[in-house]
Amino acid sequence: MPPPFTIAAATLATLALLLTALSLHVSRLRMRHRQTWGDGGHKDLAVAVRTHGNTLEQSLLFGLLVLAQSGGTAATALAAVCCTFVLARIVYCTAAFGRRLPWRQAAHALTLLCQLAATLLLVRAAWTS
């Protein structure tokens with residue numbers, strides 16, 4: 001198993017790539033609809049903006065939690081939480097673009113569970129050090 005810092009770095013890099021792809025999608029839709037601010041009533045642009053925003057919001061907190069413990073937590077547990085979080089965000093984005101509300105809700109719930117698990121890992125690491 002790679003060290004916790006390597007797991008954290010790989011997770012953050014993967015999330016950065018996902019966020020970059022989502023940002024490029026928003027930019028492409030803004031150019032298509034000639035909309036520089038807001039969504040202009042274009043539903044596809046509104047969904048893209050919110051999907052990017054939500055993924056950014058969730059990834060920032062998770063990234064901080066993971067980075068804070070990258071020096072001393074159990075690598076296996078951290079890897080499991082990180083992989084599950086990334087998978088949940090990919091499912092969330094796919095479900096949002098595909099208008100699959102139950103899948104989007106399930107992915108968001110899984111995202112929150114991963115954040116809670118990462119928080120508990122951080123508390124455990126701080127408590128035992």
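When hydrophobic residues (I, L, V, M, F, W, Y) are linked wherever their side-chain heavy atoms come within less than 4.5 Å, the members clustered with Leu65 are Leu61, Leu122. Cluster partners of Leu120, using a side-chain heavy-atom cutoff of under 4.5 Å among ILVMFWY residues and allowing indirect links, are Leu116. Other residues sharing a hydrophobic cluster with Leu17 under the 4.5 Å side-chain heavy-atom criterion for ILVMFWY residues do not exist; the residue is a singleton. Val26 belongs to a hydrophobic cluster whose remaining members, ordered by chain and number, are Leu29, Leu45, Val49; membership requires side-chain heavy atoms of ILVMFWY residues under 4.5 Å apart, directly or through intermediates.
Counting all heavy atoms, side chain and backbone alike, His52 lies closest to Ser23 at CD2-N, 3.5 Å. Across every non-hydrogen atom of Gln69 and Pro4, the tightest pair is O-CB, 4.3 Å. The two residues Cys82 and Thr11 have their closest heavy-atom pair at CB-OG1, 3.1 Å.
When hydrophobic clusters are built by joining Ile, Leu, Val, Met, Phe, Trp and Tyr residues whose side-chain heavy atoms come closer than 4.5 Å, directly or via intermediates, Leu67 is not grouped with Leu78.
For His25, the side-chain hydrogen bond (donor to acceptor under 3.5 Å, both in side chains) partners two or more places apart in sequence, or in a different chain, are Arg28. The salt bridge (charged side-chain N to carboxylate O under 4.0 Å, His left out) test applied to Arg50 returns Glu57, not counting sequence neighbours. Take Ala117 and apply the side chain to side chain contact (heavy atoms under 4.5 Å, CB included) test, not counting sequence neighbours, and it matches Val81. With sequence neighbours excluded, the residues forming a side-chain hydrogen bond (donor to acceptor under 3.5 Å, both in side chains) with Thr111 are Arg89, listed by chain and number. In this view, Arg32 and Asp44 satisfy the salt bridge (charged side-chain N to carboxylate O under 4.0 Å, His left out) rule, not counting sequence neighbours. With sequence neighbours left out, the side chain to side chain contact (heavy atoms under 4.5 Å, CB included) criterion links Pro2 to Thr6, Ile7.
Atom CZ of Phe97 sits in a crowded spot, with more than 12 heavy atoms from other residues, nucleotides or ligands closer than 6.0 Å. The environment of CZ in Arg99 is crowded: more than 12 heavy-atom neighbours from other residues, nucleotides or ligands sit within 6.0 Å.
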Next on the checklist: Please determine whether side chain to side chain contact (heavy atoms under 4.5 Å, CB included) holds for the pair Val66 and Leu12, giving the CA-CA distance in whole Å, both sets of side-chain angles, and the decisive distance to 0.1 Å.
Outcome noted: CA-CA 9 Å; Val66 168; Leu12 293 173; 5.5 Å; no
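Within the structure, side-chain hydrogen bond (donor to acceptor under 3.5 Å, both in side chains) contacts touching residues 112-122 (residues at least two apart or in different chains) are Gln58-Gln115.
Atom CG of Leu110 is separated from atom CG of Leu87 by 7.0 Å, given to the nearest 0.5 angstrom. How far CZ of Phe85 is from CD1 of Ile90: 10.5 Å, rounded to the nearest 0.5 Å.
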Hey, can you pull the donor-acceptor pairs under 3.5 Å for the side chains in residues 101-109, sequence neighbours left out?
none

